[in-house]
Amino acid sequence: MSLVLALTVATALLNPPAVEAQLRATGAPPLDDVLHDVDADGRLYAAGANYKMIFGPTGAEYVPLLGARAPKNSRFAFHVDGHSTALPLRDGNRVSFDRGTLVEIYDLGVHQVEQSFLLRAPLGESELRVSVATDAVFAGRDAAGLRFDAQGLATVTYGDATLIDARGDKATVATRFEQGAIRIALPDGWQNPARYPIVVDPVISTVTVDGGSDRAKNPDVAYASSVDVFQVSYTKEYSATDSDVLATRYDACGGTALETIALDITSKNSLFPRVAFSSPHFMTVWSNDGQNIFLDDGEIEARARVAGSTAASAKFVVSNLVNDYPRSAAIGGNGPGGRFLIAFQEQTFTSIRVVGRLVTAAGNVAGLFEIDDTDDVMDPVVSPSPNSAGRWLVAYTSTNLWDGSGRYDLHARQVNTSGAVVGSPFAIANSTFFESDPAIATDGTNFFVAFARDVSSGTRDIFGRTVTSGTTPTVGTLFNLTALEPSGSVNSFQSQPALSFDGVRYALAYVEGQGLDTPIQIRGATFFASPAISFQEGHVLIQGGTTENRPVRLAGAGFDQVGKHMVVWSQKNLPSGDEDARGAFWSTLQASGGKTVLNTGCGGPAEPILVSASIPALGTTCTVTAVNTHAPLLAIGPPVLLPACSTSCQIGVGGTTYLQMTSPTVSIPIGSSPSLLGTQFAVQVMDFLPPANATEFCNSGGQNFMTSDTLVFTVQ
């Protein structure tokens, strides 16, 4: 059974037509090629749909995909007895070890590995022996070859060998497993030097895999404005001690998956990736679990890839201090010179602090600086971009673990794009309530922080407030967003908020429900934060069901793609425990595009035509183009419908302002004020030199003219 490696994306549930939201789900294509990676020490890694391989000086290892039900990986380490060591060389999907008389070759397919041996001269013995170091149980032979049981979750087969000599003669030889070695006997007569070179060709494959095992999880998403794509970074579990980091790009315009690449497919347990964008790169950071049960002694690594291609930089270590705490790495982008801010926590037996570093796509890591040294701060998040003052906002949880009170508050601090802290730490929420799950977005000037707060037993709401940047930041009024949200559910359990800003309005996504007596759903809302909180829409259903949904992440497309967002989350399917990375494209604009046409044209082939592909959203610019005209005037104003001079020719614009068009295209800016929502304006073109073949036209003061149809825009 083969497994799909790429990101799985949910079928989004649409709201009733009255809700002005469009939810469109899309999925990554099935893996159609092998993924490759290389470690700092030169070891090569490759991953197919249901296996991965490791190639180093000691030989090759085959690792079947088992999933999180397996406490650790099962490995099959191959070593050809009696031959010299060699370094692996990769050419596309072929990896080879040249051992002189014998070349060991691995041809990597999506679902299986073809191991072959090129014998340049006789071995001097009657069989080829490949030692196998494995913790799997040899389960005998069947028609497919040797079978090995990997923890009861997968069956790995090592097929019989096909021999081909220099003359093209073929023979099939049954493989044997004796005393820890696979033995391939050469038939009588095949030791003749005239037969050489000989190719020995068995196949290795994982033929059954536990389909209920955890696979893809913990997605995060970022948007690249320069190429109009989203990237989703996520993990894929091979076992409970081995997770890989992958990335899939999505076309923000069409919503299609472009490709999946490997960011880390080594044997490390890579966890909790976070991604950000600084032109022209996406950067993903993750934590490697050191798996010390007494102290989290992992390291934090990162890797950049060009947002417009599959090209990736080398991995680099952000921090390898023994006290780095997995799950803690967060990242903000859009720093000058392509810089990123990575914030994480350090933990000792007696204290926890939040620290940071600036990094670049080339792997330049600046010095460590302290963000907050209070001994009970953890789990930082970073704004996706710095504001206009050149400052990121870092928010984090402040606990009182050591005094026994069990309180969770939220604090924050600013960091400038030179890697220096600004001002002192300050409180975002500092009440007697349990507060958690901070999320940050910025409108370019101010920050908005959303978080979850327990308001009563069994009820948790989403709260939020604006933070105005400064040496001493100003923390704005605290709002209960759940209570203000149209059609919201104030008595429900809402948690794990995610925020983005699309250039005009904030988008908020969150988890609703606890999965006890109510289904767990992903919900969304859009709102304006200035001059006061005002919702455009609320309680939008993004994903429903009774499955267990994990932390939500959200990215907005920005000023050039207003109203476009991508929501991602982890979903655990109960009771199987299978977990998948899920996501949906979410348009907060009207399905109609906010544009209608009034039939006001004179008709006939000579009628002037006015066209526009723009969506009239707040903060954007509408463009209209006149074609089939000779001396055009553009009319802009409120929509009306008045006869001009006949039953066909009509005026569609009232309170008219006429503009002489010196270019066929005119741009009409739309402000960002929420008060403009729902405002209508109309645009019509008039041709004052209609051609002689015009079938119908008007005459005013001796001047002939024709009218076009009228475009009516409704601001979204």
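Source: prediction; values computed, not measured.
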Original post:
Rounded to the nearest 0.5 Å, how far does OH of Tyr223 lie from NZ of Lys564?
Top reply: 7.0 Å
Original post:
Just wondering, do Ile462 and Leu508 contact through their side chains at under 4.5 Å, heavy atoms?
Top reply: yes
Original post:
Just checking, any donor-acceptor pair under 3.5 angstrom between side chains of Thr260 and Thr248?
Top reply: yes
**OP:** Could you check if a side-chain atom of Asn334 sits within less than 4.5 angstrom of a side-chain atom of Pro386, using non-hydrogen atoms only?
**Re:** yes
Original post:
From Asp251 CG over to Leu258 CG, what is the distance, rounded to the nearest 0.5 angstrom?
Top reply: 5.5 Å
**OP:** Could you point out which residue of Val359, Val275, Thr360 forms a side-chain contact (heavy atoms from CB on, under 4.5 Å) with Met283?
**Re:** Val359
Original post:
Taking side chain as C-beta onward, heavy atoms only, is Val467 less than 4.5 Å from Val449?
Top reply: yes
**OP:** Before accepting this row, confirm whether a basic side-chain N of the pair Asp454/Arg460 lies closer than 4.0 Å to the acidic partner's carboxylate O.
**Re:** yes
Original post:
Counting only N and O atoms by type, is there a donor-acceptor contact under 3.5 Å from the side chain of Arg303 to the main-chain atoms of Leu263?
Top reply: yes
**OP:** Nearest 0.5 Å please: distance from the OG atom of Ser570 over to the CG atom of Asn218.
**Re:** 4.5 Å
**OP:** Test Val394 against Leu341 for side-chain contact (heavy atoms from CB on, under 4.5 Å), laying out the working first.
**Re:** CA-CA 10 Å; Val394 183; Leu341 169 62; 3.9 Å; yes
Subject >> Rounded distance (nearest 0.5 Å) linking atom CG of Asn446 with atom OG of Ser388 >> reply: 8.0 Å
**OP:** Compare every heavy atom of Phe344 with every heavy atom of Leu368, then report the nearest pair and how far apart it is.
**Re:** CD1-CZ, 3.7 Å
**OP:** Assert yes or no for the condition that the ring centre distance of Tyr250 to Phe230 is strictly below 6.0 Å.
**Re:** no
Original post:
Applying the side-chain hydrogen bond (donor to acceptor under 3.5 Å, both in side chains) test to Gln494, which of Arg453, Glu512, Gln521, Arg523 qualifies?
Top reply: Glu512
Original post:
So, Ser469 and Arg391: side-chain donor and acceptor under 3.5 Å apart, yes or no?
Top reply: yes
**OP:** Could you label the plane-to-plane angle of the Phe681 and Phe713 rings as parallel, tilted or perpendicular, counting under 30° as parallel and over 60° as perpendicular?
**Re:** parallel
**OP:** Say whether, by atom type as modelled, one donor and one acceptor occur between the side chain of Arg465 and the main chain of Ile428 under 3.5 angstrom.
**Re:** yes
**OP:** I would like to know whether Arg249 and Val229 meet side-chain contact (heavy atoms from CB on, under 4.5 Å); could you show each step before the answer?
**Re:** CA-CA 7 Å; Arg249 289 191 317 147; Val229 298; 4.2 Å; yes
Subject >> Check against side chain to side chain donor-acceptor pair (under 3.5 Å), Gln716 and Thr714 >> reply: CA-CA 6 Å; Gln716 302 186 63; Thr714 303; over 6 Å; no
**OP:** For Asp264, check side chain to side chain donor-acceptor pair (under 3.5 Å) against everything at least two apart and list the hits.
**Re:** Thr266, Ser270, Lys315
**OP:** Return yes if a side-chain donor-acceptor contact under 3.5 Å exists between Gln536 and Arg505, otherwise no.
**Re:** yes
Original post:
If you round to the nearest 0.5 Å, how far is OH of Tyr408 from CG of Asn430?
Top reply: 15.0 Å
**OP:** Could you check whether the rings of His565 and Trp586 sit parallel, tilted or perpendicular, using 30° and 60° as the cut-offs?
**Re:** tilted
**OP:** Evaluate the side-chain proximity of Ile670 to Cys622: yes if any heavy-atom separation is below 4.5 Å, no if none is.
**Re:** yes
Original post:
Atom NZ of Lys236 and atom OG of Ser243: how far apart are they, to the nearest 0.5 Å?
Top reply: 11.0 Å
Subject >> Minimum heavy-atom distance Ala307-Phe277, with the two atoms named >> reply: CB-CE1, 3.8 Å
Original post:
Side chains of Phe340 and Ser278: closer than 4.5 Å at any heavy-atom pair?
Top reply: yes
Original post:
Which pair of non-hydrogen atoms, one from Ala525 and one from His539, has the smallest distance, and what is that distance?
Top reply: CB-N, 4.2 Å
**OP:** Give the minimum heavy-atom separation between Ala302 and Ile342, together with the two atoms involved.
**Re:** CB-CD1, 4.3 Å
**OP:** In sequence, state the C-alpha distance, the side-chain angles, and the governing distance for Leu393 and Val382, and then conclude on side-chain contact (heavy atoms from CB on, under 4.5 Å).
**Re:** CA-CA 6 Å; Leu393 185 66; Val382 183; over 6 Å; no
Subject >> Side chains of Gln345 and Arg353 in contact at under 4.5 Å (non-hydrogen atoms) >> reply: no
**OP:** Tell me, with the steps shown, if Tyr234 and Asp220 meet side chain to side chain donor-acceptor pair (under 3.5 Å).
**Re:** CA-CA 6 Å; Tyr234 59 102; Asp220 192 24; over 6 Å; no
Original post:
Are Thr442 and Ser385 close enough, and set up right, to give a side chain to side chain donor-acceptor pair (under 3.5 Å), and what steps lead you there?
Top reply: CA-CA 7 Å; Thr442 177; Ser385 301; over 6 Å; no
Subject >> CA sep, side-chain torsions, deciding dist, call: Tyr510, Asp437, side chain to side chain donor-acceptor pair (under 3.5 Å) >> reply: CA-CA 10 Å; Tyr510 54 88; Asp437 306 334; over 6 Å; no
**OP:** Please answer whether the main-chain N or O of Gly470 pairs with a side-chain N or O of Gln414 as donor and acceptor at a distance below 3.5 Å.
**Re:** yes
Original post:
Counting distance only, does the side-chain N/O of Thr620 pair as donor-acceptor with the main-chain N or O of Ala617 below 3.5 Å?
Top reply: yes
Subject >> Test item: Trp392 side-chain N/O and Gly333 main-chain N/O as donor-acceptor pair under 3.5 Å >> reply: yes
Per-pair distances, 0.1 Å, donor-acceptor, side chain in residues 472-480, under 3.5 Å, sequence neighbours excluded:
{"residue": "Asn480", "atom": "OD1", "partner": "Thr482", "partner atom": "N", "Å": "3.0"}
{"residue": "Asn480", "atom": "OD1", "partner": "Ala483", "partner atom": "N", "Å": "3.0"}
{"residue": "Asn480", "atom": "ND2", "partner": "Asp461", "partner atom": "OD2", "Å": "3.1"}

**OP:** State which residues pass ring pair (Phe, Tyr, Trp, His ring centres under 6.0 Å) with Phe451; sequence neighbours excluded, sorted by chain then number.
**Re:** none
**OP:** Compare every heavy atom of Leu358 with every heavy atom of Ser418, then report the nearest pair and how far apart it is.
**Re:** C-CD1, 3.4 Å
Original post:
Which atom names give the shortest non-hydrogen contact between Ala439 and Pro497, and what distance separates them?
Top reply: CB-O, 3.5 Å
Subject >> Short side-chain to backbone donor-acceptor contact, Thr621 and Ile668, under 3.5 Å >> reply: no
Original post:
So, do Leu618 and Phe528 sit near enough that their side-chain heavy atoms are less than 4.5 Å apart?
Top reply: yes
**OP:** Determine, stepwise, if the pair Asp244 / Thr235 fulfils side-chain contact (heavy atoms from CB on, under 4.5 Å).
**Re:** CA-CA 5 Å; Asp244 295 340; Thr235 57; over 6 Å; no
**OP:** Answer with yes or no after comparing the ring centroid distance for Tyr506 and Phe448 against a 6.0 Å cut-off, counting only values under it.
**Re:** yes
Original post:
Are the side chains of Val381 and Tyr396 in touch, meaning some heavy atoms are under 4.5 Å apart?
Top reply: no
